[in-house]
2 protein chains.
Amino acid sequence: MKPDTKQRLLDGTLETVRRGGIAGVSARSIAAAAGVNQALIFYHFGSVEELLEAACRQATEARVALYRDRLATVDSFGRLLAAARELHEAERAAGCVTVLAQLLAGAPGQPKLTAAVADALESWAAEIEAVLGRLLDGSPLAEVADVPGLARALSASFIGIELCEGVDPRAATAALDALDRLSVLVEVIDELGPAARLALAARTRKARGAHTP
Amino acid sequence: MKPDTKQRLLDGTLETVRRGGIAGVSARSIAAAAGVNQALIFYHFGSVEELLEAACRQATEARVALYRDRLATVDSFGRLLAAARELHEAERAAGCVTVLAQLLAGAPGQPKLTAAVADALESWAAEIEAVLGRLLDGSPLAEVADVPGLARALSASFIGIELCEGVDPRAATAALDALDRLSVLVEVIDELGPAARLALAARTRKARGAHTP
DNA sequence: GTCTATAGCTGGATAGAC
DNA sequence: GTCTATCCAGCTATAGAC
């Protein structure tokens, strides 16, 4: 047995998706990237779809676990921003979000892959949700922030930005920098205290009433 | 000549991408959706990639023109929000953003398609940028908002959310609702006036200094 | 402009030797 | 577990009749 053929195939899958997108994926291209015989994909995983599924699950689990420790130390928006910068640099090398974005696009019509991608999105969202909930506890922002929804919005946004990176790197960088800059705003509001909180709460109720009378 | 075969192929392309994703695209599937002979794709467009390119350009141009008039009437964040709701409903039917997201994922290795998708992204971003610039002019938010970057971030975010819709509709809805709710915050800040503007400007400079000493 | 037919290729997947 | 060889479906693209 070659030094873990299964793992080489999983790694080769990620590399293939990263380099050629979901459209560049085939049993032959993956086997070539992994330096492994093409027939072994079907011996070890049954089908290309199941290999994609397994690669998605393994990569997500590993990355989420890796970032969980880092995110657990975050206790202010300033530190969250610093962590986000580190993670973004790490992602640039690993390309895990890019792969997820491509699998997301390739999911239609592939039930097992769809399930794996949905679980992966949920893992990321849950992680972000935990940090966000911790940071917003007691902040005036808690009045206008729907934490679970915001976590999903953030996950989806990064996926969109990573996809854009493929066709227009400058636009992607501009988008990330703009979000970066907005964080100043978040910090300021966060420090306003209880009076601002009450004002926002009143405004939120008013806006709600206006939209659903 | 059948009633505009070229247009039927362009429409069939959008429908095929919407229904089966970029992975479901082939000359045969598009021709079937268009109710047209497969060979006509090559007669009229030269290749499948060029058909995708043409469909991307036409759909983007039409949609952007359609929304431009609507967005031109927007002169407050409240109205922007109302417009966004309308546009999102219209998108649910037309699926133009979904198609763009899929083409974005399928672009790697296809130079002409890559160029078309990049142009499409730029068209959307320019449109959003114009509205955002108009709204933020004079607002305290202008101090922390990088308008061109934010426009790109918003475009990319919606693309990410539309992709997620395909595997987890609930998460996509939660994300959109959360962004909706945040708009209350934007309105409040927007009404704070010149004092808040100066405070934000000071904080922005401070934060800048800290990040790039 | 549109159709049929088909060349030529690449894809997923399997059989069977080792 | 791994390899070679191969089947067959589906794909792009073209040739040529109408």
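Within the helix from C/dG1-D/dC18 to C/dC18-D/dG1, the inter-axis angle between the opening and closing five-pair segments is 0°, rounded to 10°.
Ranked by how close their nearest DNA chain C nucleotide is to the 5' end, B/Q38 and B/K6 are led by B/K6.
Here A/T5 reaches the OP1 or OP2 of D/dT2: one of its side-chain N or O atoms lies under 4.0 Å away.
Look at A/R92 and A/E165 and you find a salt bridge, because one of the NZ, NE, NH1 or NH2 atoms lies within 4.0 Å of a carboxylate O, short of that distance.
A donor-acceptor contact closer than 3.5 angstrom links the side chains of A/Q7 and A/Q58.
For A/N37 and D/dG1, the CG to C1' distance is 11 Å, given to the nearest whole Å. B/I30 places its CD1 atom 15 Å from the C1' atom of D/dG10, with the value rounded to the nearest Å. For the pair A/R28 CZ and C/dA13 C1', the interatomic distance rounds to 10 Å; values are reported in whole Å. Taking atom CG of residue B/L40 and atom P of nucleotide D/dA13, one finds them 15 Å apart after rounding to whole Å. Look at CG on A/L9: it is 13 Å from P on C/dG12, rounded to the nearest Å.
B/A59 approaches B/C96 most closely through the heavy-atom pair O-SG, 4.3 Å. In this structure, A/Q110 and A/E49 approach most closely via the heavy-atom pair C-OE2, 3.2 Å.
Using a 4.0 Å heavy-atom cutoff across all strands shown, A/A27 reaches sugar-phosphate atoms only and no base atom.
Side-chain atoms of A/S26 and A/V48, non-hydrogen and from C-beta on, never get closer than 4.5 Å to each other. Between B/S76 and B/E187, the closest side-chain pair of non-hydrogen atoms is not below 4.5 Å. Under the 4.5 Å side-chain criterion, counting only non-hydrogen atoms from C-beta, B/L51 is not in contact with B/F42.
No donor-acceptor distance shorter than 3.5 angstrom exists from the side chain of A/Q102 to the backbone of A/G21, with no hydrogens or angles considered.
The salt bridge (Lys or Arg N to Asp or Glu O under 4.0 Å) contacts involving residues 108-119 of chain B comprise B/E50-B/K112, B/R57-B/D119, where partners must be two or more places apart or lie in separate chains.
Residues from residues 42-51 of chain A lying near DNA chain D, meaning a heavy-atom separation below 4.0 Å, are A/Y43, A/H44 in numerical order.
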